[in-house]
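Heavy atoms only: backbone and side chains are in, while hydrogens, waters and symmetry mates are out.
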Amino acid sequence: MSYWGVPDWVPISQPTFAAGQPDLVLSFPPDRQERRTLPNGTEYFGASGTVKNVGRETMRVPSILIVLRDARERVVYSWEVAPPKSKLAPGETMTINEAVTDVPKSARIAEIGWKPS
């Protein structure tokens with residue numbers, strides 16, 4: 001267990017997101033997230049934000065996880081977003097725009113963070 005971690009079947013709470021990345025600032029303001037029903041009845045969710053390297057060294061950018069929760073805060077949908085660039089130079093910023101359709105109608109809350117390893 002010390003090498004691979006706790007198995008998924010063990011009934012203990014595991015964090016949804018990985019710990020913060022030193023020198024990488026993840027910014028997905030709520031006013032840049034969009035939820036709507038398309039004319040054909042399909043549910044749409046779009047997320048837009050940035051990742052900025054505020055450090056002094058080039059940093060590897062991990063995958064981002066977007067999690068949608070219902071009104072009772074249960075996870076109803078999630079997906080991994082691969083960053084458009086794998087590394088950011090000091091002071092560099094990248095924009096991320098993601099959209100998915102067919103999200104559950106029960107989704108009410110969006111959370112965005114680093115994907116756990």
So Trp79 and Leu68, do their side chains get closer than 4.5 Å, heavy atoms only?
yes
Any side-chain heavy-atom pair from Pro90 and Thr58 closer than 4.5 angstrom?
yes
Write out all pairs satisfying salt bridge (charged side-chain N to carboxylate O under 4.0 Å, His left out) with one or both partners inside residues 36-46, taking only residues at least two apart or from two chains.
Glu34-Arg36, Arg35-Glu43, Glu43-Lys105
Pair listing, salt bridge (charged side-chain N to carboxylate O under 4.0 Å, His left out) test, anchored in residues 74-92, at least two apart:
Asp70-Arg74, Glu80-Lys115, Lys85-Glu92
Pairwise salt bridge (charged side-chain N to carboxylate O under 4.0 Å, His left out) hits with a residue in residues 45-69, at least two apart
Arg69-Glu111
Single-linkage hydrophobic cluster, 4.5 Å side-chain cutoff, Val103 and Leu65 together:
no
Of the non-hydrogen atoms in Met94 and Pro83, which two are nearest, and what is the gap between them?
SD-CB, 4.0 Å
Do Val51 and Ile64 have side-chain heavy atoms sitting under 4.5 Å apart?
yes
Output a table of donor-acceptor pairs, distance under 3.5 Å, between side-chain atoms of residues 22-31 and any protein atom two or more places apart or on a different chain; print 'none' if there are none.
none

Linking I/L/V/M/F/W/Y whenever any side-chain heavy atoms sit under 4.5 Å apart, do Val76 and Phe45 land together?
yes
Taking ILVMFWY side chains as joined if any heavy atoms are under 4.5 angstrom apart, and letting links pass through other members, which residues group with Tyr44?
Leu38
Sorted by chain and residue number, the side chain to side chain donor-acceptor pair (under 3.5 Å) partners of Ser106 (sequence neighbours excluded) come out as none
Val67 with Ile112, same ILVMFWY side-chain cluster at under 4.5 Å:
no
